[in-house]
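See structure below.
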Amino acid sequence: MADGSSFYITTPIFYVNDVPHIGHAYTEVAADVIARWHRQAGEDTWSLTGTDEHGQKILRTATANGVTPQEWADKLVADAWVPLLETVDVANDDFIRTTEPRHEQNVQKFLQKLYDDGHIYTGEYEGYYCVGCEEYKQESELVAGTGEYEGQLVCAIHSKPVELLHEKNYFFRTSAFAERLLALYEERPDFVQPESARNEVLGWVRSGLADLSISRSTFDWGVKVPWDETHVVYVWFDALLNYITAVGYGQDDEEFARRWPAQHIVGKDILRFHAVIWPAMLMAAGLEVPRGVFGHGWLLVGGEKMSKSKLTGIAPEQITDVFGSDAFRYYFLSAISFGQDGSFSWEDLAARYQAELANGFGNLASRVIAMVTRYCEGVVPSAGALTEADLEISAIERRATEDSWAAIERLAVHEAIAAAWELVDALNGYLTAEEPWSLAKDPAKRERLETVLAVAYHGLGTLAVLLSPVLPKATAKLWTALGAPGTVQGQRIDRAHEATLGERVSALEALFPRVEVAE
RNA sequence: GGGGCGGUAGCUCAGCCGGUCAGAGCAGUGGACUCAUAAUCCAUCGGUCACGGGUUCAAGUCCCGUCCGCCCUACCA
């Protein structure tokens, strides 16, 4: 079904000046689960993440800290962003930094091509400039002045009048691609997902596109515009190109052909850049547009979008230190309908950890391993004659396998987990109904006992495979305890119910130990 | 100002193109069971589907309006 085909997935690249919070980690984890799932389905998978290191903000903070912008970026990448991936257990294939030669050189090639082909022109950017902030302001950032500045627009931060400045800039003819973009959205209704994001994008494009200013000459921390080195490429234009420079654009045609196009996973706040400007850039360069752009929702804390300024920003380690990376991954991807906004609360996290991971899955694994150990001396029994209940479990294993994979292909991560979880619930119910502990008391029921345990053991093996993209650590432990060959990540997830398991179980520590009430 | 999304049981949310749509999980309550991480299983309490109109044989489900919340509004990413 999925053998060999190419699957390339990306996250946005992190702006290194930000502080990592669970929103960043959420995006990473979502893309990682999808990537792992495709990889385990036998696809030629590539997952990319990285960092965006150019721009005035970084130059400014680096200067303020007395180091070069490159040194500043190096430090943030090493201290904050690479560690974030470890914290939430992301298995990316590549990590691109926009300051790497493979990126900068090919951004220039791309830009030169667009320039040569007439998609870029020289224009004049006009905007309100605040001397205090040293940057241009949007009108929404300005307020009416009072007192001596009555009647003038002033900066909301400094309450001083802003100046209307003009600056020579290079512009990309985004507007020339409006019709082709609309045709794209029309032909491929799933190009922008979810539906709500698509509608929003349609609205923007229909209401008209303005050309994008893509260069700056007021600072120099960026990729130089090849035909005019007094300008550097505007940060967004630079950043978006990471998706192709990372897979060989401009220097390795074979690799590029193998990977591109990508499925982009982004937060809905940057949908405009990914679903409108980016495809337009690619069209201009004569390249294929992305496979799709998925805009996920916000994490809400106390009903509002999480943010540092409102002190609702939460560092991922705060969660993983207490519950572990598996729980982090499971919680955000199962509790939130992927694409929708989701509420985060410690109470909800703790409750789901306890009810679903500890009591549901963890305890199931524990009781099955314990009974095989206790009643069969650890030797995995083989099934005898099968009853209707046994066959029903087999059917659910198959259904969970098929449904979860189908959901992943639609990027419905939460549905995939829910489909797999039906097997958790079914197995717990099966054990209660079949009562192997009662069968064990009667030697005459030995065959039935072994059959029940064999069925439960097999179901647990299927679960280990199905949940491995979401719970890599716990399922690896479980796989070992099941005595199954190879690694759980090495098993075909699209055929999880057919996995080859083992012959002897070994002790299994609690997969999700009880956690003392946090906060 | 313009635009988007949302307001469904205590909590978090499903409900696609109108007709068993009034649901799930958690929490609560009652019971069963003991293999297991005081876990599991069964049953059960619980909602004027924000409000007001309208269309229709029939509306959380479509239309209009109101209120409330969040977000976007184009160069900080």
Side-chain angles (χ1 to χ4, degrees), chain A residues 12-18 51-58 60 125 127 133 135-141 169 171-172 174 194-197 199-204 207-216 234-240 267-273 276-277 297-298 300 302-305 334-337 340-345 347-348 351-352 354-375 414-415 418 421 425 427-440 449 452-453 456 508-515:
Chain A
I13 49 178
F14 308 112
Y15 198 61
V16 290
N17 239 25
D18 291 338
T51 45
D52 182 5
E53 310 179 7
H54 291 308
Q56 190 168 24
K57 276 195 176 176
I58 289 162
R60 205 176 277 161
Y125 178 75
C133 296
E135 65 190 13
Y136 284 99
K137 293 289 180 181
Q138 293 309 296
E139 289 194 39
S140 59
E141 296 175 292
N169 275 173
F171 283 76
F172 169 56
T174 322
E195 187 78 22
S196 55
N199 291 337
E200 199 157 1
V201 168
L202 277 176
W204 294 332
S207 66
L209 292 178
D211 291 342
L212 183 73
S213 156
I214 61 161
S215 74
R216 294 290 183 278
Y234 166 56
V235 210
W236 258 114
F237 206 84
D238 165 8
L240 287 165
K268 65 183 183 184
D269 53 331
I270 53 177
L271 198 57
R272 178 191 308 281
F273 291 94
V276 181
I277 294 167
W298 297 120
L300 306 178
E304 290 187 16
K305 176 188 168 188
S334 66
I336 299 171
S337 182
Q340 306 274 85
D341 290 349
S343 306
F344 167 82
S345 73
E347 293 73 17
D348 190 40
R352 287 180 188 271
Q354 192 62 255
E356 298 169 18
L357 290 175
N359 299 349
F361 180 52
N363 182 54
L364 171 67
S366 178
R367 62 199 302 214
V368 172
I369 298 284
M371 285 192 279
V372 172
T373 302
R374 184 155 159 181
Y375 303 140
H414 60 296
E415 287 182 37
W421 220 259
D425 294 334
L427 286 170
N428 271 322
Y430 172 79
L431 290 175
T432 299
E434 299 302 320
E435 302 186 56
W437 51 90
S438 297
L439 298 172
L449 168 66
V452 170
L453 292 183
L508 176 66
E509 58 182 301
L511 294 178
F512 301 99
R514 299 184 70 79
V515 165

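The basis for the numbers below is simple: all heavy atoms, side chains too, and nothing from hydrogens, waters or symmetry mates. Naming: A, B, ... by sequence-line order, numbering from 1 per chain. Treat the numbers as computed from the prediction; the structure is a model and nothing was measured.
Across all strands shown, A:Ile369 has no heavy atoms under 4.0 Å from either base or sugar-phosphate atoms. Residue-level contact check: A:Phe273 touches neither bases nor backbone, having no heavy atom under 4.0 Å from any strand. In this structure, A:Asn428 reaches the sugar-phosphate backbone alone: every heavy-atom distance under 4.0 Å involves primed, P, OP1 or OP2 atoms, never a base. Within the nucleic acid shown, A:Gln340 comes within 4.0 Å of sugar-phosphate atoms alone, with no base atom in reach, counting heavy atoms only. No contact: A:Gly203 has no heavy atom under 4.0 Å from any strand. As judged by a 4.0 angstrom heavy-atom cut-off over every strand, A:Ala370 is placed among residues touching the sugar-phosphate backbone only.
RNA chain B contains the following stems of three or more consecutive Watson-Crick or G-U pairs, with both distances under 3.5 Å: B:1-7 with B:67-73, B:10-13 with B:23-26, B:28-32 with B:40-44, B:50-54 with B:62-66.
A distance of 6.5 Å separates OH in A:Tyr15 from CG in A:Asp52, rounded to the nearest 0.5 Å.
With distances taken from any side-chain atom of A:Ser366 to the nucleotides B:rC41, B:rA36, B:rA14, the minimum falls on B:rA36. Considering only side-chain atoms of A:Glu356, the nucleotide from B:rG4, B:rA39, B:rG25 that sits closest is B:rG25.
More than 90° away from 0 lies the glycosidic angle of B:rG47, which makes this nucleotide anti.
With sequence neighbours left out, the ring pair (Phe, Tyr, Trp, His ring centres under 6.0 Å) criterion links A:Phe171 to A:Tyr121.
Applying the 4.0 Å criterion to OP1 and OP2 of B:rC13, one finds that A:Ser343 has a side-chain N or O inside that range.
In this structure, CZ of A:Arg367 is placed 8 Å from C1' of B:rC41, rounded to the nearest angstrom.
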